[in-house]
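Step one of this worksheet: look at the structure below.
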Number of protein chains: 2
Amino acid sequence: MSFDTSPVLQAWRSRGRRVTAARRAVLEGLCRAGCAADVRTVYRLAKRVHPRLGLVTVYRTLDLLAREGWVQRWEEGGVVRYELDQPHHHHLVCLGCGQVRRWDRCPVPVESGATVGGFLVTGHRLELLGYCPTCREVMR
Amino acid sequence: MSFDTSPVLQAWRSRGRRVTAARRAVLEGLCRAGCAADVRTVYRLAKRVHPRLGLVTVYRTLDLLAREGWVQRWEEGGVVRYELDQPHHHHLVCLGCGQVRRWDRCPVPVESGATVGGFLVTGHRLELLGYCPTCREVMR
DNA sequence: GTTCAGTTGAAAATGAGTTTCGATACATCC
DNA sequence: GGATGTATCGAAACTCATTTTCAACTGAAC
C-alpha cells in the first residue's frame, strides 16, 4: 500500500517521542500488510525488517498510532484489526475465510456532528457480511 | 423487553434438546438485559433466577441460541454482545461509557443476496459511534 | 563521548472464553 | 410414581490474546 510514513515520524519527533527501529518496523509492517491487518500479521511482517522486535512493542505501537489517529482499530470475528488511516470507506467481510476487502461506497447519511436521539454522532462503522468468490465456489 | 421464549423451548424439545432450569434462566436473563447484553450481564441477571448457574453454561447456551439463530452475536470495544433476534435494526454506541442503544433506521441499500465486487452479501452491520447525552454533559 | 528519560523485550500476570470430566437431572419407559 | 439412560451441568484446569512489570537499552541533546 502507498502510505507516506514521514509525517508520522515528524509528528513523533516534534512531540518529543523517539523514532526507534522498532517503531519504524511496525509502521513498515502495517504498510506491507495492506487493508485491515491483525496484530500477528503486522508482527510477522515487521519482524522481517527488525528481527529482534517483540510482540509487546507491536501492541504498544499500534495502540499509540490509534490514539494519535494514524490508524483505525476495529474488530471482526474476535480478531482485532488495524489499518492505516485512509479516505472514508467500509469493509466486505467474508464469513467463510475471514478475509476483509475494502468497499469505497458509503450509504450512511449521518454526518459527523449530527444528533440522533440525543446521541452526538462522531462517526460510524459499516461492514457488509457475506462470502468471497473463493468461498462461494467451495460452498457449491 | 417483550420476547416470547416458548417457541425456543418448543423447538428445543422437538429436536430432542432438554429444557433445563439453567437454559430457562439464561433466556430470562437475556430478556431482562434488553438490547445488546454482554455475557457477564446475562450471567448476573440469570443467576438471580437460578443461583447455582455457572458461567460456562451461559457461554454454552448463548452459543447454542446463536447457532440456532435465536440471537445475534456481535462485538464492540472488545466486548462480545448478544441480543434476541429482532426486526432489522442498528446500534448507537457511546464512546464514553460504552452503552448501546437501538437505532431503527437502516440506510444501507444492499439487499441480502446482492453481489458486490464478487462478494455475495448476506447481511450487514452498522454502528453509529458518538456520545450519549450523559457523556456529552460530562465532557463540557 | 556522556547523560538521561523514553523505549524495549522477556517474563509474569491477567482475564475472557473453552475444554474436561465426574455429578446431576430431564425425558422416557414401565 | 419410580427406575433408567443420556444430555446437560458446573468446578476446575486450560488456552491464548493482551497487558503489566522491570531491568536493560538507546535515541537525542548537550
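All values below come from the heavy atoms of this structure, side chains included, with hydrogens, waters and symmetry mates left out. A note on names: the letters A, B, ... follow the listed sequences, proteins ahead of strands, and every chain is numbered from 1.
- For residues 112-124 of chain B, the pairs satisfying side chain to side chain donor-acceptor pair (under 3.5 Å) are B:H88-B:H124, B:H90-B:H124, with sequence neighbours left out.
- Look at CZ on B:R81: it is 15 Å from C1' on C:dA16, rounded to the nearest Å.
- Comparing A:T61 and A:V56 by the nucleotide of DNA chain C that holds the closest heavy atom to each, the one mapping nearer the 5' end is A:T61.
- Look at CG on A:L27: it is 14 Å from P on C:dT7, rounded to the nearest Å.
- Summarising the geometry of B:L128 relative to A:V108, their closest heavy-atom pair is CD2-CG1, 4.2 Å, with the distance given to 0.1 Å.
- Of the residues in residues 39-55 of chain B, those placing a heavy atom less than 4.0 Å from an atom of DNA chain D are B:H50, B:R52, B:L53, B:G54, in numerical order.
- Atom CG in A:L120 sits 11.0 Å away from atom SG in B:C135 (nearest 0.5 Å).
- For the atom pair A:Q99 CD and A:T134 OG1, the distance stands at 6.5 Å (nearest 0.5 Å).
- Rounding to the nearest 0.5 angstrom, the gap separating the CG atom in B:L62 from the CG atom in B:L30 is 6.0 Å.
- Listed by chain and number, the residues in a ring-ring contact (aromatic ring centres under 6.0 Å, His included) with B:H50 amount to none (sequence neighbours excluded).
- A sub-4.0 Å separation between OP1 or OP2 of C:dT18 and a side-chain N or O of B:Y59 is absent.
- Of the possible polar contacts, one joining the B:R136 side chain to the A:G118 backbone as a donor-acceptor pair under 3.5 Å is found.
- Screening residues 34-53 of chain A for salt bridge (charged side-chain N to carboxylate O under 4.0 Å, His left out) gives no qualifying pairs among residues at least two apart or on separate chains.
- Taking a 4.0 Å limit (strictly below) on heavy-atom distances, residues 15-26 of chain A reaches DNA chain D at A:R18, A:V19.
- Of all nucleotides in DNA chain D, those with any atom nearer than 4.0 Å to a heavy atom of chain A start and finish, going 5' to 3', at D:dA17 to D:dA28.
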Inset, instruction - Decide salt bridge (Lys or Arg N to Asp or Glu O under 4.0 Å) for B:E83 and B:R102; before the verdict, give the C-alpha distance in whole Å, the side-chain angles of both, and the deciding distance to 0.1 Å. - result: CA-CA 11 Å; B:E83 71 180 339; B:R102 212 176 136 153; over 6 Å; no
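- A cation-pi arrangement is present between A:R23 and A:W12, with the terminal nitrogen or guanidinium carbon under 6.0 Å from the aromatic centre and inside a 45° cone about the axis.
- With the nearest nucleotide of DNA chain D identified for both A:V79 and A:R13, A:V79 has the one nearer the 5' end.
- Between the A:R101 side chain and the B:G117 main chain, a donor and an acceptor come within less than 3.5 Å of each other.
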